[in-house]
Amino acid sequence: MTPSTPTNVAIACQGGGSHTAFTAGVLKHVLREQGSDYRISALSGTSGGALCAFVAWYGLRTGTHEKAISSLDALWDAVAANTPPERLANTGLVWSSRLLEMGFPIVQLPPSRNIFSAIGQTVLRETIESFVDAEPLDELVFEHQPADSTHPLPPKILVSAVDVNDGSFSVFTDRLEPESPASDHPVDSCVIRPDYLTERPRPLTIDAVVASTAVPTLFEGVTMTESDGSTHSYWDGLFSQNPPLRNLLSGPESKAQKPDEIWLVRINPTHREGDFRTLEAIADRRNELAGNLSLHQELFFIDRVNQWLEAGAFTDDFGEQYKSVTVRQIELTDESLSPPRRLTPSTKLDRDPTLLTELMHAGEEHARDFLGRIYEC
């Protein structure tokens, strides 16, 4: 099919460590093929998915599709363990992770006392910063255009992390919403605090992207200053929205500027056959289920809103802000690689260049098949 006007598409990138090289491949092909059929209006991501989304978004905002594609290649070339010392460290990390999954007693240190953890996080931050040009990142963070604006907005970005101190989910973005007036009404201590329920995003920063990748067993939390002057620590977005979906539909943009479709790049499979009686199998499936927990809640929310819209349950004013959204998915499975192989929590830590290249090629192939099914091209 070929729509008369481009479909507004938001691409949501689930987290999953090294497995998100698959996401980079998907994004590369989708960016390469973008034409009159669809337009990328937003990107969201968590953990490794946040890295891919951020690099692609920055390339689009400061250059062209070609810059975004080349940046994704450069990102995973930088992440890969290319030198002998990196390969040795990578092998040790992967095997220690696998032994832990199998129940072997392995000595573990908290990231605050692990020099290799500190070095790894510093290198990751420097890698992210290497994709930010001289133009300051904060110049790309701006207020929403008026809701009645008829001009297409540039792609927006959403990155998730979790506030370790109060347990609230946080989304960081380039598209800030106007401040809401503070309420003068006292809040009963037994009532859930309103700030837990708000979806007001925070400004996108390098710290936010690093925080989204801060797996607490590997990296220290990223400390950020709150609006009241207090400091809070932030962890990997897998503990919050993985990835942000419902936030892609919020904000004061007009209905026409909201996405028509969300393309979800799923890293954790929904279905898994097998026997889950060994410690390794339990750890593997538990990791996958935990990574999908918040995602399924977000998908349920979107499906329910679609049902309400179809039933005409909203008032005219509220109904004018929302529209039914189709969610499609591109999923990584063990069969995605050739030959097929078992992908586990330990391979999410594996930076072997060969594995990353295979995952990226698999992402491109899946995206090619995906677009072929939708647009018959």
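Values reported hereafter were calculated over all heavy atoms of this structure, with side chains retained and with hydrogens, waters and symmetry mates removed.
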What pair of heavy atoms forms the shortest contact from S170 to Y234, and how long is it?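 Taking every non-hydrogen atom into account, OG-CE2, 3.4 Å.
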Short side-chain donor-acceptor distance under 3.5 Å, [Y] and [X]:
X	Y	value
N242	S294	no
Q121	E220	no
Q307	D303	yes
S160	T46	yes

Q) Would V94 end up clustered with L88 when hydrophobic side chains under 4.5 Å apart are linked, directly or stepwise? A)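 No, V94 and L88 fall in different hydrophobic clusters.
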Would you say [X]'s side chain and [Y]'s backbone share a donor-acceptor pair under 3.5 angstrom?
X	Y	value
T347	D350	no
S41	V9	yes
S44	P244	yes
D260	T7	no

| message | Quick one, Y38 and V30 - any side-chain contact, counting heavy atoms below 4.5 Å? | response |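 They are in contact (side-chain heavy atoms under 4.5 Å apart), so the answer is yes.
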For side chain to side chain contact (heavy atoms under 4.5 Å, CB included), just list the numbers for Y58 and D174, CA-CA rounded to whole Å, side-chain angles, deciding distance to a tenth of an Å, and then say yes or no.
-> CA-CA 10 Å; Y58 194 84; D174 64 314; over 6 Å; no
Could you check, using the six-membered ring where one of them is a Trp, whether F22 and H366 have ring centers closer than 6.0 angstrom? yes
Counting only heavy atoms not in R113 (residues, nucleotides, ligands), do more than 12 fall under 6.0 Å from its CZ?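 No - once you tally the heavy atoms of other residues, nucleotides and ligands closer than 6.0 Å, there are 12 at most.
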request  = Kindly determine whether K156 and N247 satisfy side chain to side chain donor-acceptor pair (under 3.5 Å), including the steps that lead there.
outcome  = CA-CA 11 Å; K156 68 178 178 181; N247 305 78; over 6 Å; no
message: Salt bridge check, R202 against D207: does any charged N sit closer than 4.0 Å to a carboxylate O?
response: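 Between R202 and D207 there is no salt bridge, as every charged N stays at least 4.0 Å from the carboxylate O atoms.
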